[in-house]
Amino acid sequence: MGERTNGIITIVAGLPEANGVKVDGHASASRRREIAERLRKQGWSYRRIADALSVSYATIQVWLDDPPIRAPVAPLPVAVNPPRLSVVASTEPRISATTSPIPAPNHAELMEKIGQLAEEQRRQAEAMQAMEKRLLRTLRDEIKVLGQKLMETIKTLKPKSKTAPKDPA
């Protein structure tokens, strides 16, 4: 990349290099991964990092999307205390004053509601069928009108005189 200063203006020409990122072809994968993480923090795209490090785009995705694999850490020793059990004198369930029993379903009301829903569904199906018929009728009418306009256009494009003399050649 070349630079030239002309007074106050600096002209930079050429292809930009990887901003000083030079990776030896023999660098270890962990070293490349560290560099990839650093470049990503600087705002580089996955594709640009992959090109600069000479690795595949998929490798960069794996390195940057997956947490790094660290050495396993030994668990801290924790003293486990056995749970304390308490003895309850009464075995009957306690019912508080705020708990209300769930009412038993009224089958007659449920059947009536099901009937109402079925009737509403039937009405909606009939309305959809009527709408479909209107739509098809409108489409047929539109096709007919467009066909007539097309025929008129074709007629205007035909030659006006069919009695023109034929060339005897």
Side-chain angles (χ1 to χ4, degrees), residues 1-86 88 93-94 96 98-100 102-103 105 110-111 113-151 153-154 157:
M1 178 127 92
E3 293 185 15
R4 181 172 178 166
T5 304
N6 184 5
I8 302 175
I9 300 173
T10 301
I11 300 170
V12 179
L15 295 174
E17 296 184 19
N19 291 346
V21 176
K22 300 280 188 203
V23 179
D24 181 21
H26 302 291
S28 67
S30 61
R31 173 75 179 127
R32 289 175 189 239
R33 183 176 184 154
E34 290 172 9
I35 294 170
E37 290 171 354
R38 192 177 75 229
L39 293 175
R40 184 62 181 165
K41 287 179 184 174
Q42 293 175 5
W44 284 38
S45 69
Y46 283 22
R47 181 75 57 208
R48 186 174 176 198
I49 295 169
D51 292 342
L53 299 179
S54 300
V55 295
S56 70
Y57 179 85
T59 302
I60 297 297
Q61 281 183 314
V62 170
W63 285 351
L64 298 180
D65 291 344
D66 293 339
I69 300 171
R70 305 282 184 215
V73 178
L76 297 174
V78 178
V80 178
N81 296 329
R84 293 183 179 181
L85 299 175
S86 60
V88 179
R94 295 180 183 171
S96 66
T98 59
T99 307
S100 61
I102 299 173
L110 291 176
M111 293 305 290
K113 185 66 175 175
I114 290 172
Q116 291 172 354
L117 291 172
E119 179 62 27
E120 179 63 27
Q121 185 178 13
R122 186 190 59 76
R123 280 195 299 264
Q124 288 178 354
E126 288 175 357
M128 287 176 61
Q129 286 176 349
M131 187 184 310
E132 184 179 2
K133 287 179 183 178
R134 285 194 310 270
L135 179 61
L136 289 173
R137 190 176 325 118
T138 302
L139 284 173
R140 276 191 231 112
D141 293 344
E142 289 294 322
I143 290 171
K144 192 176 197 179
V145 169
L146 288 173
Q148 291 171 351
K149 288 181 180 179
L150 181 62
M151 290 304 295
T153 305
I154 291 172
L157 295 176

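As a basis for the values below, the full set of heavy atoms in this structure was taken, side chains included, without hydrogen atoms, waters or symmetry mates.
To the nearest 0.5 angstrom, K41 atom NZ is 11.0 Å from L39 atom CG. To the nearest 0.5 Å, atoms CZ (R47) and CD (Q61) are separated by 8.5 Å. Annotation: the span from I143 atom CD1 to L150 atom CG amounts to 12.5 Å, rounded to 0.5 Å. Separating the CD1 atom in I49 from the CD atom in E37 is a distance of 9.5 Å, to the nearest 0.5 Å.
Listed by chain and residue number, S30, R31 satisfy the side chain to side chain contact (heavy atoms under 4.5 Å, CB included) test with S28 (two or more places apart in sequence, or in another chain). With sequence neighbours excluded, the residues forming a salt bridge (Lys or Arg N to Asp or Glu O under 4.0 Å) with R123 are E119, E120, listed by chain and number.
In this structure, E34 does not pair ionically with R38, as no charged nitrogen and carboxylate oxygen lie closer than 4.0 Å.
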side-chain contact (heavy atoms from CB on, under 4.5 Å) between W44 and D51, worked out: CA-CA 11 Å; W44 284 38; D51 292 342; over 6 Å; no
Check against side-chain contact (heavy atoms from CB on, under 4.5 Å), V55 and W63: CA-CA 11 Å; V55 295; W63 285 351; 4.2 Å; yes
Salt bridge (Lys or Arg N to Asp or Glu O under 4.0 Å) assessment of E126 paired with R122: CA-CA 6 Å; E126 288 175 357; R122 186 190 59 76; 2.4 Å; yes
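For residues 132-145, no pair satisfies side-chain hydrogen bond (donor to acceptor under 3.5 Å, both in side chains), with sequence neighbours left out.
At least one side-chain heavy atom of L53 sits less than 4.5 Å from a side-chain heavy atom of I60.
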